[in-house]
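For reference, the structure discussed in these notes is given below.
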Amino acid sequence: MQTFPAVETLLPHRPPAIVVDAIVAFEKGKIRCARTVRPDEHYGPGMSAEGVVEFCAQAAILCEAMESGGAVRRGVLASIDDFVFPGAAAAGDALEAEITVKAKMGNLGLFECNATCNGFPLAHGFIKAAQS
């Protein structure tokens, strides 16, 4: 089983704004991250749609950090496109985000995001983000 660096060592965020618990899998251009939803979520009770998008965005930043071999100092969310939310998350639910890099142009990346809640579809959409 492969071990990965602690999320806190790769993200520019600090608690309670970190909404990824762990990196589950990584290969070039793709990452899978996990989160157990807490009752006192930073993004509202359970986890709001905005919190799910943030979960995906942080997973995308983690993909960038893993590919570059170090922590990302700063990330900028450029756009959120075509997100749909066929599910909802509540406290205690196990979330996974699978992020696939679809395109890169310099520091700007286009990421496809698929999130699940207890194995069922939670969200799908695209994020454009840049890192420095």
Side-chain angles (χ1 to χ4, degrees):
M1 177 148 172
Q2 196 171 13
T3 55
F4 300 101
V7 169
E8 297 81 21
T9 65
L10 298 174
L11 288 175
H13 307 70
R14 292 294 158 245
I18 295 175
V19 291
V20 174
D21 292 338
I23 298 169
V24 176
F26 171 76
E27 61 184 65
K28 186 165 176 51
K30 187 179 275 190
I31 197 165
R32 202 174 53 200
C33 296
R35 170 91 172 157
T36 299
V37 180
R38 293 157 180 68
D40 60 344
E41 273 303 332
H42 182 67
Y43 288 96
M47 186 175 261
S48 65
E50 293 85 359
V52 173
V53 170
E54 180 64 20
F55 175 54
C56 291
Q58 288 183 23
I61 291 170
L62 287 166
C63 188
E64 291 290 283
M66 291 292 290
E67 287 195 1
S68 67
V72 175
R73 292 181 305 150
R74 198 174 12 203
V76 177
L77 193 55
S79 73
I80 301 164
D81 299 314
D82 302 322
F83 261 84
V84 293
F85 300 91
D93 286 343
L95 307 185
E96 277 203 356
E98 183 173 282
I99 308 300
T100 305
V101 178
K102 297 309 243 179
K104 292 282 291 178
M105 187 171 139
N107 286 338
L108 181 65
L110 172 63
F111 304 92
E112 182 175 15
C113 309
N114 283 294
T116 60
C117 177
N118 300 322
F120 294 97
L122 174 64
H124 176 265
F126 295 88
I127 289 174
K128 292 178 191 144
Q131 58 103 10
S132 61

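Heavy atoms only: backbone and side chains are in, while hydrogens, waters and symmetry mates are out.
Cluster membership check: Leu110 does not share its hydrophobic cluster with Ile61, using side-chain heavy-atom separations under 4.5 Å among Ile, Leu, Val, Met, Phe, Trp and Tyr. Val76 and Phe111 fall into different hydrophobic clusters, where Ile, Leu, Val, Met, Phe, Trp and Tyr residues are linked whenever their side-chain heavy atoms come under 4.5 Å apart, directly or through other members.
Taken from CG in Leu77 to NZ in Lys128, the straight-line distance is 11.0 Å, to the nearest 0.5 Å. In this structure, CG on Leu108 lies 8.0 Å from OG on Ser79, to the nearest 0.5 angstrom. Atom-to-atom distance recorded for Arg32:CZ and Phe4:CZ is 9.0 Å, nearest 0.5 angstrom. Here Cys113 contributes atom SG and Glu98 contributes atom CD; the two are 10.5 Å apart, rounded to the nearest 0.5 Å.
Here Glu112 does not pair with Lys30 in a salt bridge; the nearest charged N to carboxylate O distance is not below 4.0 Å. Salt-bridge check for Asp93 with Arg38: failed, with every basic side-chain N at 4.0 Å or more from each acidic carboxylate O.
The minimum heavy-atom distance linking Cys56 with Ala97 is given by the pair SG-CB, 4.4 Å. Contact record, Pro86 with Leu122: CD-O, 3.3 Å, taken as the closest heavy-atom pair. In plain terms, the two heavy atoms of Val52 and Ala115 that are nearest each other are CG1-CB, 4.4 Å. Taking all atoms of both residues into account, the shortest heavy-atom contact from Ala34 to Val24 is CB-CG2, 3.6 Å.
Judged purely by atom type and a 3.5 angstrom limit, Ser68 uses its side chain to pair as donor or acceptor with the backbone of Glu64. A donor-acceptor pair is defined here as one N or O able to donate and one able to accept, closer than 3.5 Å; such a pair exists between the side chain of Asp21 and the backbone of Thr36. Of the possible donor and acceptor atoms, one in the side chain of Glu67 sits under 3.5 Å from a partner among the backbone N and O of Gly29. Proximity of a side-chain donor or acceptor of Gln58 to a complementary backbone N or O of Val19 within less than 3.5 Å is detected.
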Using the rule given for side chain to side chain contact (heavy atoms under 4.5 Å, CB included), can you reason through His13 versus Glu54, listing the C-alpha separation, both sets of side-chain angles and the distance that settles it, and then say yes or no? CA-CA 11 Å; His13 307 70; Glu54 180 64 20; 3.3 Å; yes

Walk me through it: do Arg35 and Met47 pass the test side chain to side chain contact (heavy atoms under 4.5 Å, CB included)? CA-CA 11 Å; Arg35 170 91 172 157; Met47 186 175 261; 3.9 Å; yes

Audit row: Cys63, Phe26, side chain to side chain contact (heavy atoms under 4.5 Å, CB included) steps and yes/no: CA-CA 8 Å; Cys63 188; Phe26 171 76; 4.1 Å; yes

Please test Ile127 against Ile99 for side chain to side chain contact (heavy atoms under 4.5 Å, CB included), starting from the C-alpha separation and ending with a verdict. CA-CA 10 Å; Ile127 289 174; Ile99 308 300; over 6 Å; no

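Evaluation of the side-chain contact (heavy atoms from CB on, under 4.5 Å) rule for Ala94 yields Asn118 as partners, not counting sequence neighbours.
Across Val101, Leu62, Val20, a single residue satisfies side-chain contact (heavy atoms from CB on, under 4.5 Å) together with Ile31, and that is Leu62.
In this structure, Phe83 and Phe85 have parallel ring planes: the angle between them is below the 30° cut-off, well short of the 60° mark.
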